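As the structure is a prediction and not an experimental result, all values here were calculated from the model. Note on naming: letters A, B, ... go to the chains in the order of the sequence lines (proteins, then strands), and numbering restarts at 1 for each one.
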There are 2 protein chains.
Amino acid sequence: MSALSARAGSVEVRGGSQDSRDEILKAAMHLFASRGFHETSMSEVAREARVSKALIFWHFKTKEELFVAVLNRLLEPYFIDFSEEAGVLDERAQLRKLVEFYLLFVRDNASSVRFFIAQMLHDQHFAEGLNEQVLKLYSGYRNMLIELISRAQEKNLCSRQFTPAAAAGFLLSALNGILIEHLFVQNHPLDPESATAMVSGWLFGEDLKPADREGKAFA
Amino acid sequence: MSALSARAGSVEVRGGSQDSRDEILKAAMHLFASRGFHETSMSEVAREARVSKALIFWHFKTKEELFVAVLNRLLEPYFIDFSEEAGVLDERAQLRKLVEFYLLFVRDNASSVRFFIAQMLHDQHFAEGLNEQVLKLYSGYRNMLIELISRAQEKNLCSRQFTPAAAAGFLLSALNGILIEHLFVQNHPLDPESATAMVSGWLFGEDLKPADREGKAFA
DNA sequence: GTAATTATTGACCGAAGGGTTAGCGGCGAC
DNA sequence: GTCGCCGCTAACCCTTCGGTCAATAATTAC
C-alpha cells in the first residue's frame with residue numbers, strides 16, 4: 001500500500017522502513033515458497049533482499065514471525081469475492097463458472113498452491129494456524145456449491161441422484177484430484193474447459209460433445 | 001529378515017551388523033517420516049536407534065544415502081500384486097474391488113502416503129528419483145483401470161459415455177480427491193464402502209441405495 | 001594364538017545456522 | 001546545535017549440524 005506509493009522516484013530512492021520491509025517480504029516469499037522454511041536461511045533472505053541480516057531481525061522478531069508474515073501474504077490472492085458475477089446466470093451456468101474458476105485459479109497459482117499443500121501436509125506446527133484460514137476458504141467454496149446444487153435440483157436443472165452435500169463433496173473431490181494430478185504430472189496442462197465439461201457432464205447428466213468424451217483433462 | 005531371527009534371545013543380544021543397520025533404518029524411517037529430511041538430525045537418529053552417530057556414517061555414507069534407503073523401505077508396501085484375486089469376478093466387481101483397495105490402502109497407510117506426497121511436492125531434488133517409482137505404480141494402477149473399464153464397456157456392464165482412458169482418469173481424480181480430503185480434514189474417517197458405492201454409482205450408472213445417496217464419504 | 005577384518009565408539013572439526021549487540025548516519029523536534 | 005529516535009549495518013556469539021578419525025571391541029580366518 002504505502003510501500004508502493006512511496007517508491008515514486010524511479011530508481012532505488014527508497015527511504016521508509018516499509019520499503020525495506022517489503023523487499024524482505026518479497027525475497028522471503030520467493031525463497032520460502034520455492035525451498036521451504038527449513039531450507040531457507042536468514043542470510044539467504046538478506047542477500048536476496050539486498051539488506052543486512054540484522055535488519056530482518058529488526059523488522060521481524062524471529063524467523064518464524066517472518067514466515068507467518070509470508071504465509072499471510074501468499075494467502076491474500078485466495079480471498080476473492082465473485083458474488084457479483086452471479087446475478088444473471090442460471091444455476092447451471094453458475095456452477096460451471098465456479099468449477100472453471102477453481103481450475104483456472106489452480107492453474108495460474110500452481111506454485112503457491114503446491115507450496116501451501118506441501119506446507120500443510122508437512123509441518124503440523126505452522127499448519128495449525130494455517131488450517132483455520134484454509135478451511136474457512138474451503139468450506140466457503142463448498143457451501144457455495146451446496147447452495148447452487150440445491151437450487152439447481154429444485155429447478156430440475158440437474159440430477160437428484162445425490163443429496164446436494166454429497167454431490168458437492170464428490171465434485172470437490174474430483175476437483176482436488178485434478179489439482180493434485182496437475183501438481184504432480186508436469187506437462188499436464190490442466191485444461192479447464194475439458195475438465196469443466198467432464199465434471200458438468202457428470203453433474204447435469206448432459207451428453208458430451210464427442211471431443212469431451214475423450215476427457216483430455218484426464219488422459 | 002535375519003534381523004529379526006537373530007534376536008531370538010529375549011534381550012538385546014543383537015550381534016550382526018545387519019541388526020544395527022536395521023535399527024538405524026527403523027529410527028530414521030520414523031523420524032524422517034514424521035519430521036522430514038531437513039528437520040531430522042543424524043544425532044537424533046542415532047539417539048533413537050541407541051547407536052553412535054559415527055556408526056550411522058559407517059553404514060551409510062551420507063545423510064542423503066540414509067534418506068534414500070528410508071524412502072525405498074517406506075515404498076515397499078506399495079508394491080502389491082493382486083492379480084490372483086481377479087479370477088472369478090466379473091469386471092464390475094473387479095473394478096469395485098480395485099477402488100476399494102485403493103481407499104483401504106490409503107486409509108491404512110495414511111501417514112506414509114502423507115509423507116510421500118509432501119516429499120514429492122516439496123523437494124524436487126529427491127523427488128526425481130522418487131517420481132519414477134511412484135509414477136510406475138500410478139500408471140500401473142491406471143492401466144488396470146483402463147483395461148477393466150474397456151472390457152466392462154464391451155460387455156455393456158457400464159456406461160460408454162466416456163472413453164476408457166477418460167473414465168479411468170476421472171475415476172483416479174475422484175480417488176485422489178478423496179485421498180487428499182482424508183489427509184487434510186482430520187477426523188474424516190474415509191469410509192471406503194460409502195465412497196466405493198458413490199464412485200461405482202457414477203461409473204455404472206447404478207441407482208444408489210438411499211443410504212449411499214447421502215454420500216457419507218463426502219459430507 | 002594371532003592376524004586380519006568387521007562393528008562400534010567418543011572426541012573432534014569446520015561450516016552454517018539463528019540471533020544479538022554496539023554503534024553509525026540521518027533527520028525531525030525543540 | 002544537540003538530543004533522541006529511526007533505519008540500518010558489521011562483527012560477533014553460541015549452538016547445532018553433517019561428517020571424520022583414531023582407537024577399540026568383537027568376529028572370523030588360518
Side-chain angles (χ1 to χ4, degrees), chain A residues 1-7 9 11-29 31-32 34-71 123 125-126, chain B residues 2-9 11-29 31-32 34-71 123 125-126:
Chain A
M1 14 207 94
S2 69
L4 286 176
S5 57
R7 217 186 320 183
V11 211
E12 300 279 332
V13 204
R14 55 155 100 80
S17 84
Q18 289 314 306
D19 226 342
S20 69
R21 190 190 151 96
D22 206 66
E23 219 64 36
I24 291 167
L25 265 176
K26 270 165 50 187
M29 271 173 60
L31 289 170
F32 281 146
S34 64
R35 290 198 233 278
F37 179 77
H38 294 276
E39 299 87 322
T40 300
S41 75
M42 295 304 261
S43 314
E44 281 175 303
V45 176
R47 194 176 335 120
E48 176 139 339
R50 280 167 316 189
V51 141
S52 77
K53 194 174 56 159
L55 183 58
I56 304 183
F57 284 99
W58 187 82
H59 281 296
F60 308 91
K61 262 190 268 294
T62 67
K63 187 186 182 185
E64 305 204 354
E65 191 178 308
L66 171 62
F67 187 65
V68 170
V70 165
L71 284 185
D123 210 318
H125 175 44
F126 294 113
Chain B
S2 70
L4 286 175
S5 57
R7 213 177 333 176
V11 213
E12 301 280 330
V13 205
R14 56 153 98 80
S17 85
Q18 289 313 308
D19 226 342
S20 68
R21 189 190 153 95
D22 207 66
E23 220 64 35
I24 291 168
L25 264 176
K26 269 166 49 186
M29 270 174 61
L31 289 171
F32 281 145
S34 65
R35 289 196 234 278
F37 179 77
H38 295 277
E39 300 87 320
T40 301
S41 75
M42 296 301 262
S43 314
E44 282 176 302
V45 176
R47 194 176 336 121
E48 176 139 337
R50 280 167 315 190
V51 141
S52 76
K53 195 175 55 160
L55 183 58
I56 303 183
F57 284 98
W58 187 82
H59 281 295
F60 307 91
K61 262 188 270 292
T62 67
K63 189 187 181 185
E64 304 205 353
E65 189 177 310
L66 171 61
F67 188 65
V68 170
V70 165
L71 284 185
D123 210 318
H125 175 45
F126 293 114

* Structure fact -> So NE2 of H38(A) and CG of D123(A): to nearest 0.5 Å the spacing works out to 5.0 Å
* Structure fact -> One should read off an interatomic distance between M42(B) CE and I56(B) CD1, to the nearest 0.5 angstrom, of 5.0 Å
For [X] and [N], what is the distance between atoms [atom1] and [atom2] respectively, to the nearest whole Å?
X: F57(A); N: dG18(C); atom1: CZ; atom2: P; answer: 7 Å
X: W58(A); N: dC5(D); atom1: CH2; atom2: C1'; answer: 10 Å
X: H38(A); N: dG18(D); atom1: NE2; atom2: P; answer: 13 Å
X: K63(B); N: dG18(D); atom1: NZ; atom2: P; answer: 4 Å
X: M42(B); N: dA15(C); atom1: CE; atom2: P; answer: 20 Å
X: R50(B); N: dG10(C); atom1: CZ; atom2: C1'; answer: 19 Å
X: E39(B); N: dC17(D); atom1: CD; atom2: C1'; answer: 14 Å
X: I56(A); N: dG17(C); atom1: CD1; atom2: P; answer: 12 Å

Less than 4.5 Å apart, side chain to side chain, heavy atoms only: is that true for [X] and [Y]?
X: I24(B); Y: H59(B); value: yes
X: L71(A); Y: F32(A); value: no
X: K63(A); Y: F37(A); value: yes

* Asked: Under 4.0 Å: is that the gap between some side-chain N or O of S43(A) and OP1 or OP2 of dA16(C)?
  ->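 Answer no for this pair, as no side-chain N or O of S43(A) is under 4.0 Å from OP1 or OP2.
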* Asked: For dT8(C), does OP1 or OP2 lie under 4.0 Å from any side-chain N or O of S20(B)?
  ->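 Checking dT8(C) against S20(B), a side-chain N or O does come within under 4.0 Å of OP1 or OP2.
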* Please name all residues satisfying side chain to side chain contact (heavy atoms under 4.5 Å, CB included) with E48(B), sequence neighbours left out, ordered by chain then number. =>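 Here the qualifying residues are A27(B), H30(B), L31(B).
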* Set of residues satisfying side chain to side chain contact (heavy atoms under 4.5 Å, CB included) with respect to S52(B), sequence neighbours excluded ->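 Applying side chain to side chain contact (heavy atoms under 4.5 Å, CB included) to S52(B) gives A54(B), L55(B).
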* Asked: Between K53(A) and S43(A), what is the shortest heavy-atom contact and its length?
  ->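 It is CD-OG, 3.6 Å.
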* Can you figure out which of dG18(C), dT9(D), dT9(C) approaches the side chain of S41(A) most closely? => dG18(C)
* Mind listing the residues from residues 64-71 of chain B sitting with a heavy atom below 4.0 Å of DNA chain C? Number order is fine. => none
* Asked: What nucleic acid atoms does S52(B) come within less than 4.0 Å of, heavy atoms only: base, sugar-phosphate, or nothing?
  ->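 It contacts base atoms.
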Can you tabulate the close N/O pairs, meaning under 3.5 Å, that link protein atoms to atoms of nucleotides 23-26 of chain D?
none

Might you list the N or O atoms of the protein lying below 3.5 Å from N or O atoms in nucleotides 13-15 of chain D, with each pair's distance?
none

* Name all residues meeting the salt bridge (Lys or Arg N to Asp or Glu O under 4.0 Å) criterion together with E44(A); count only those two or more places apart in sequence or in a different chain, and write none if there are none. => R35(A)
* Asked: What one-letter contact string describes nucleotides 21-27 of chain C from 5' to 3', where B marks a base within less than 4.0 Å of any protein heavy atom, S marks contact via sugar-phosphate atoms alone, and - marks no contact?
  -> B------
* **Under the ring-ring contact (aromatic ring centres under 6.0 Å, His included) test, residues paired with F60(B) that sit two or more places apart** =>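 Per chain and number, F60(B) pairs via ring-ring contact (aromatic ring centres under 6.0 Å, His included) with no residue.
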* Asked: Among all residues two or more places apart in sequence or in another chain, which pass the ring-ring contact (aromatic ring centres under 6.0 Å, His included) test with F57(A)?
  ->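 For F57(A) there are no ring-ring contact (aromatic ring centres under 6.0 Å, His included) partners, ignoring immediate neighbours.
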* **Residues that E65(B) engages under side-chain hydrogen bond (donor to acceptor under 3.5 Å, both in side chains), provided they are two or more places apart** =>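 E65(B) satisfies side-chain hydrogen bond (donor to acceptor under 3.5 Å, both in side chains) with no other residue.
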